[in-house]
Amino acid sequence: MAGGACALGSWAVIDAGAAARYVLSRRTTKAGYSFYRTPEWGVEEPSAPDTLAALESLRILAVEVPEPGATVDWLRSLQADDGGFPTLTIAWSALRSLALLGAGPARPATGCLARASRAVLARRTAVDWRAPLREAARVMELVELGFARSAGAAQSCAALLDAARDRAGGWAAPSADIATTATALRLAAVAGVDVARSSGSDVLLARCEDPVLGVRVTPGSAATSVEAVRAGLEVAGALDSAPRYPGAVARSLSLMQRPDGGFGSRHRAISTLADTWDGLRAAQLLDEVQEER
């Protein structure tokens with residue numbers, strides 16, 4: 001598959017071949033992907049988020065997608081006659097997957113995405129800011145890919161980011177975590193809002209970095225996750241800095257890869273496609289840091 005592929009080196013201490021075999025084994029008879037696929041039990045239930053995670057993982061591994069046309073057909077079948085999708089998550093996953101495969105939807109999705117964009121970007125209050133920031137980042141990614149239009153998006157994103165910021169550093173209020181901070185910085189980058197240096201994200205990252213775990217989930221946590229490791233590397237990249245403990249990051253990643261080749265959210269957790277995408281992206285980022293050094 002062309003565009004942005006990166007073969008992983010030895011720095012991340014993972015088995016790239018096993019990861020590829022795991023991802024390919026999650027392909028269902030419908031040509032979509034499912035992390036819990038169990039053909040011996042007749043379980044063949046693909047999902048759009050799992051399919052996106054699988055395609056992104058194969059792209060990182062520089063592995064060709066099997067029968068991409070069949071996957072395109074399945075993704076297009078998720079769209080309603082009016083161009084809409086059941087949820088924003090499905091729309092984001094399906095449209096991004098189609099873009100990775102060099103295809104588009106069966107019919108324009110601009111109407112449903114415009115409605116979603118207005119609702120998502122207008123948020124100024126929330127009990128938990130993690131979901132609103134994630135949804136806004138997904139809307140803006142679809143805008144960037146040309147699937148959606150959003151007038152005044154930059155100003156709306158700036159206001160949303162300001163409302164959700166933890167004044168002690170990072171995102172989201174009232175208590176920042178490294179994964180949400182990475183999501184917020186991704187949203188800012190796509191929207192063209194310059195907040196990385198003024199947001200205190202460097203302070204949060206320094207408090208989350210750990211000589212044993214590599215990156216902790218939050219400053220006060222004694223645990224890490226594959227999402228936190230990926231996020232820590234993404235935040236460091238947004239700040240044009242390098243991780244303080246790359247060896248610990250590599251060890252954490254190696255512990256999160258399961259015997260089946262996939263990655264779990266934590267050490268000894270079951271493999272999922274979403275976690276495998278996070279693990280492979282983290283390994284890719286870690287390789288890039290090592291190459292720069």
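Bear in mind that the values here come from a model prediction, so they are computed numbers and not experimental data.
- Applying the side chain to side chain donor-acceptor pair (under 3.5 Å) rule to pairs touching residues 120-129 yields D128-R130, sequence neighbours excluded.
- Between P105 and L98, some side-chain heavy-atom pair lies under the 4.5 Å cut-off.
- A cation-pi geometry, defined here as NZ or CZ lying under 6.0 Å from the six-membered ring centre and within 45° of its normal, holds between R230 and W277.
- In terms of heavy atoms, C157 sits closest to M140 at SG-CG, 3.7 Å.
- In this structure, R268 places its CZ atom where only 12 or fewer heavy-atom neighbours from other residues, nucleotides or ligands lie under 6.0 Å away.
- Nearest heavy-atom pair across C208 and T218 is SG-C, 3.7 Å.
- Side-chain contact between E227 and S265 is absent, with no heavy atoms from C-beta onward closer than 4.5 Å.
- With sequence neighbours left out, R107 forms a salt bridge (Lys or Arg N to Asp or Glu O under 4.0 Å) with no residue at all.
- Under 3.5 Å, the side chains of S201 and S199 contain a donor-acceptor pair of N or O atoms.
- Counting heavy atoms from C-beta on, the side chains of P66 and L24 come closer than 4.5 Å.
- Checked against side-chain hydrogen bond (donor to acceptor under 3.5 Å, both in side chains), T272 has the following partners two or more places apart in sequence or in another chain: D275.
- A salt bridge between D202 and R207 is absent, with no side-chain N of the basic residue lying under 4.0 Å from a carboxylate O of the acidic one.
- Listed by chain and residue number, nothing satisfies the side-chain hydrogen bond (donor to acceptor under 3.5 Å, both in side chains) test with T183 (two or more places apart in sequence, or in another chain).
- Between T276 and F35 the shortest side-chain heavy-atom distance does not fall below 4.5 Å.
- For the side-chain hydrogen bond (donor to acceptor under 3.5 Å, both in side chains) test, no residue two or more places apart in sequence or in another chain qualifies with D50.
- For the pair D210 and T224, the minimum side-chain heavy-atom distance is 4.5 Å or more.
- Annotation: side chain of L204 is not in contact with side chain of V235 (no heavy-atom distance under 4.5 Å).
- The one candidate from I14, V229, L255 that meets the side chain to side chain contact (heavy atoms under 4.5 Å, CB included) condition with F263 is I14.
- When side chains are defined from C-beta on, L187 does not count as touching W171, because their heavy atoms never get closer than 4.5 Å.
- Listed by chain and residue number, E44 satisfy the side-chain hydrogen bond (donor to acceptor under 3.5 Å, both in side chains) test with R37 (two or more places apart in sequence, or in another chain).
- At most 12 heavy atoms of other shown residues, nucleotides or ligands fall within 6.0 angstrom of atom CG in D194.
- Checking Q284 against R281 by side-chain atom types alone, a donor-acceptor pair falls below 3.5 Å.
- Note: D166 CG to T181 OG1 = 8.0 Å, rounded to the nearest 0.5 Å.
- Residue L185 comes nearest to A196 through the heavy atom pair CD2-CA, 3.8 Å, listed as atom of the first residue, atom of the second, then distance.
- Counting only heavy atoms from C-beta outward, the side chains of R96 and E56 approach each other to under 4.5 Å.
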